[in-house]
2 protein chains.
Amino acid sequence: MAEGSARRRRGGGRAGNAARRGGAVIEQMDWRLPVNTDKPTEPLNEEGVEAIHIGAMRILEEIGIEFYNEEAKAILKEAGCTVDGDNVRMGRDFVMEMVGKAPSQFTMTPRNPDRALTVGGDKILFGNVSSPPNYWDVEQGKKVPGTRDMCANLLKLSQYFNCIHFVGGYPVEPVDIHASVRHLDVLYDKLTLTDKVAHAYSLGKERVEDVMEMVRISGGWTDEEFESGPKMYTNINSTSPLKHDEPMMDGWIRLARRNQGLVVTPFTLAGAMAPVTMAGAVAQSLAEGLCAVALAQYIRPGAACVIGTFTSNVDMKSGAPAFGTPEYMRATQMTGQLARFYGLPMRSSGVCAANVPDGQAMWETSNSLWASVQSGTNLVYHAAGWLEGGLIASPEKFVMDCEILQQIQRYMEPAITATTEDDIALDAIKAVGNDGHFFGIEHTQERYTTAFYQPFLSDWRNYEGWEAAGGVWTPERAHKIYKEIIANFEAPPMDEAIREELAEFVERRKEEGGAPTDF
Amino acid sequence: MAEGSARRRRGGGRAGNAARRGGAVIEQMDWRLPVNTDKPTEPLNEEGVEAIHIGAMRILEEIGIEFYNEEAKAILKEAGCTVDGDNVRMGRDFVMEMVGKAPSQFTMTPRNPDRALTVGGDKILFGNVSSPPNYWDVEQGKKVPGTRDMCANLLKLSQYFNCIHFVGGYPVEPVDIHASVRHLDVLYDKLTLTDKVAHAYSLGKERVEDVMEMVRISGGWTDEEFESGPKMYTNINSTSPLKHDEPMMDGWIRLARRNQGLVVTPFTLAGAMAPVTMAGAVAQSLAEGLCAVALAQYIRPGAACVIGTFTSNVDMKSGAPAFGTPEYMRATQMTGQLARFYGLPMRSSGVCAANVPDGQAMWETSNSLWASVQSGTNLVYHAAGWLEGGLIASPEKFVMDCEILQQIQRYMEPAITATTEDDIALDAIKAVGNDGHFFGIEHTQERYTTAFYQPFLSDWRNYEGWEAAGGVWTPERAHKIYKEIIANFEAPPMDEAIREELAEFVERRKEEGGAPTDF
């Protein structure tokens, strides 16, 4: 499907009209980098922050992290850390010195410079669901393995919605493509169907290098230009408790050397891979993250690092992971306090345990998205499309989540809470008096079209109007919008020479056999 | 149904066993008055608070409020206000002097003293949906007028769930009971099916007096005891813009004189009954509320007053009210800042515009409930069961909302964010090391059963487990729980003499014709 669309674009020049058609499926908010003006919710006092910090430092000093990567160990040994087999211990002075070199804010610039992202500070940015092996939609009504078509459609949604700022991992794992060449096909799709900041999985050097090369080609950059500042990023997960794997560390080092974005996100599920107490799980998560940040800063002082959190809890009955819980919210807020303590940008997620896009999915997702706002999160992963604890991607859930994301963006607009004389509107109140209506007056008419958030998915008709229109529940309405967006989608413009260079690179690397699959 | 259950209770003494059976339908959180420890979200700076305050004061001074109630006007005239026909203007010195007499916190004690409520300060309390004329459930699958049975079932849910702290207006309007005696039957049901703080509609003196008398009987109180402190409350709505109606004011005065709880909640829909700008709508809402508080404090200094907010916005396309929007959230937060400025307890709501308990219902309701947390709200009306902008009550929505309310209660528990040495769990992390699992260790096992929130409605199984169990979506799961709760419900104990006195009162007042219906 993606290649078909690419061929169509070669045959004609209807991009402008098509883009306008595509844009008209729904009226959505303009692209912007939302500024989170809310003071973060801070459940910890100063002593609490200090206690978690000391906990993280003592883990690094007294227990150590296992690094299953020879290069990482050699670098850390050179840096003065205590390396014993795979175990690496590092002192708090070293960690804090290294972390102090990391910028609190940096820029990532994709092939379309209008989509450049400021990561850190008061910005909150959203990305698509990443990495589910399975897919669910209203039409299929069941869980099925992901395919390249499904993946491409979710990439189209990621491009279409202005409230999605970056394109994370594969929005669904296309298991119909052989693992050796999957990254080539999906990155071709991602770089041609979207013009937003892209991501490389750290799953072996060939994949990482291929993706960096493809992103470099997509921007028409020389190697020097590519390395002049982050154009893309990787996200690595530690293997909790207290381990960093070979391929993840390899990708981390490669991207650090080439000055790309680095996000480290331990998956510290309290009661399973981390202590049952949330403060303990957060301390462990920070230790696992900070040692990777320290490594990156030693390799390249000033490297663009983000500390991620994925601290949640298990179901007490089954041991299954739970998401968007009260414990998840508080862990995210606590991590936010520590991220500010360390001066690092922060990543969290939009998550749920629900299997279908129903009420549970929405309260769990709302809980996690509001926690990202409350914690001062800068990058919100999985912000649209996630189900079943990340095992299912769903286009309806994607569309529903984007309605929430737009509401959060609108919530951030200072216009809502402005208190100028015009906003207090005493003259309007006087004019209407005790027996009138505000609808028809000038003060209203002048502001009416922009005064309030306008949803694209919420149905605000009364029951009778809603019923007369078919009585359609939210997932079915989302399905219709998803299908219309896909039907009207046109990829963002790309220089034909660049597209050909990308296609040739993919072809050549496929001929070479792609990447090993024995990792 | 309610009377049937009352008769059964006369015939036997199985209340204890039955209560245990009823309690076992789900495992729910214990009754508690949740303490909101979060610092409120404050979008306004000091100047913004001052600007809205001045706006409210100037509305009261320069425009005035129309009081369609002779007694209210006479009292306010005596107090020194400028009365011109129905228009009453009052100076800011008078308003602030009166508001200064209101307590920032008070107690309401229903017939069961264990259900006493502290209103104000850092407490956040939740009440059932109130006043929808219609009903929807999964079984009916359509909107139907409310009946006494439906109303009684929703009262049973209100009693059953420990996260529901007070019983507001009729959870659905039972239109199968004649309006002249409806209050008698519903209050009989409410006072026998629940033992939580109850509410009287201010819809004419007979209704208000009947309800006060029935609450007095329910507690076995003398008149003096009844008036020694609030046992119940009323909620009045101004008729925006800038009017207070005859029956609402009548009830307000009657409850003030008898020292009962007083909640005033203007319904200032921005762009319709209030300015299109949220700061203007909030200023108008405060003016409409504060003049009622001033009246109550003049009648009885120290009267238990609560300032309510119901400021939302209209749909730009249809003019229909919208709920749980970004603008609603910010208006609630702004009102919270002003309520603290005035030192008054605050009421807001759990609301949505959705017609059925689907995804939209849950993101809108989540938005409004989190806004109640963020604003420092003390009483959350309509916190469970509300659909279609308050035109529909739904038992499934009730059960779903209670799952959210329990999560908010759990979110408030300081245990989640504790940072003692035991919580940081360094010894546990050391014991597990780099290659273990936390599940089986003592630190986990000791804390496992209480460490995390345990949902009663969320399904945390994986897709296959959920599918094998029937693949049931949230509303259908909620329906099943609702039916089980009703089937197992037993009313809280009540002294038989009191029940008979209540029944005789209802009978006598029915013989007298109840209340006039020409209001």
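Chain A is the first sequence line, chain B the second, and so forth, proteins listed ahead of strands; every chain is numbered from 1.
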Visitor: At their closest point, which heavy atom of B:Phe452 faces which heavy atom of A:Val276, and how far apart are they?
Guide: CE2-O, 3.4 Å

Visitor: Between chain A and each of B:Arg447, B:Met278, B:Lys430, count heavy-atom pairs under 4.5 Å; write down the option with the most.
Guide: B:Lys430

Visitor: Does the distance from a Lys or Arg side-chain N to an Asp or Glu carboxylate O, for A:Glu467 and B:Lys143, drop under 4.0 Å?
Guide: no

Visitor: If you draw a 6.0 Å radius around CD in B:Glu446, do more than 12 non-hydrogen atoms from other residues or ligands fall strictly inside?
Guide: yes

Visitor: For B:Thr419 versus A:Ala279, what's the shortest heavy-atom pair and its separation?
Guide: CG2-CB, 4.0 Å

Visitor: Identify the two heavy atoms, one from B:Gly141 and one from A:Tyr463, that lie closest to each other, and give their separation to 0.1 Å.
Guide: O-OH, 3.8 Å

Visitor: List in chain and number order the residues that pass side chain to side chain donor-acceptor pair (under 3.5 Å) with B:Gln406, two or more places apart in sequence or in another chain; answer none if no residue qualifies.
Guide: B:Tyr453

Visitor: Please state whether the side chain, the backbone, both or neither of B:Lys397 comes within less than 4.5 Å of a heavy atom of chain A.
Guide: neither

Visitor: Between the side chains of B:Asn367 and A:Gln407, is a donor N or O closer than 3.5 angstrom to an acceptor N or O?
Guide: yes

Visitor: Identify which of A:Thr444, A:Val356, A:Ile54 forms the greatest number of heavy-atom pairs closer than 4.5 Å to chain B.
Guide: A:Val356

Visitor: Which heavy atom of B:Phe438 sits nearest to which heavy atom of A:Pro241, and what is that distance?
Guide: CE1-CB, 3.9 Å

Visitor: Under a 3.5 Å cutoff, is there a donor and acceptor pairing between the side chains of A:Asp358 and B:Thr474?
Guide: yes

Visitor: So which of B:Gly55, B:Ala287, B:Gly271, B:Pro43 has the largest heavy-atom pair count under 4.5 angstrom toward chain A?
Guide: B:Gly271

Visitor: At a heavy-atom separation under 4.5 Å, does B:Ala56 approach chain A through its side chain, its backbone, both, or neither?
Guide: neither

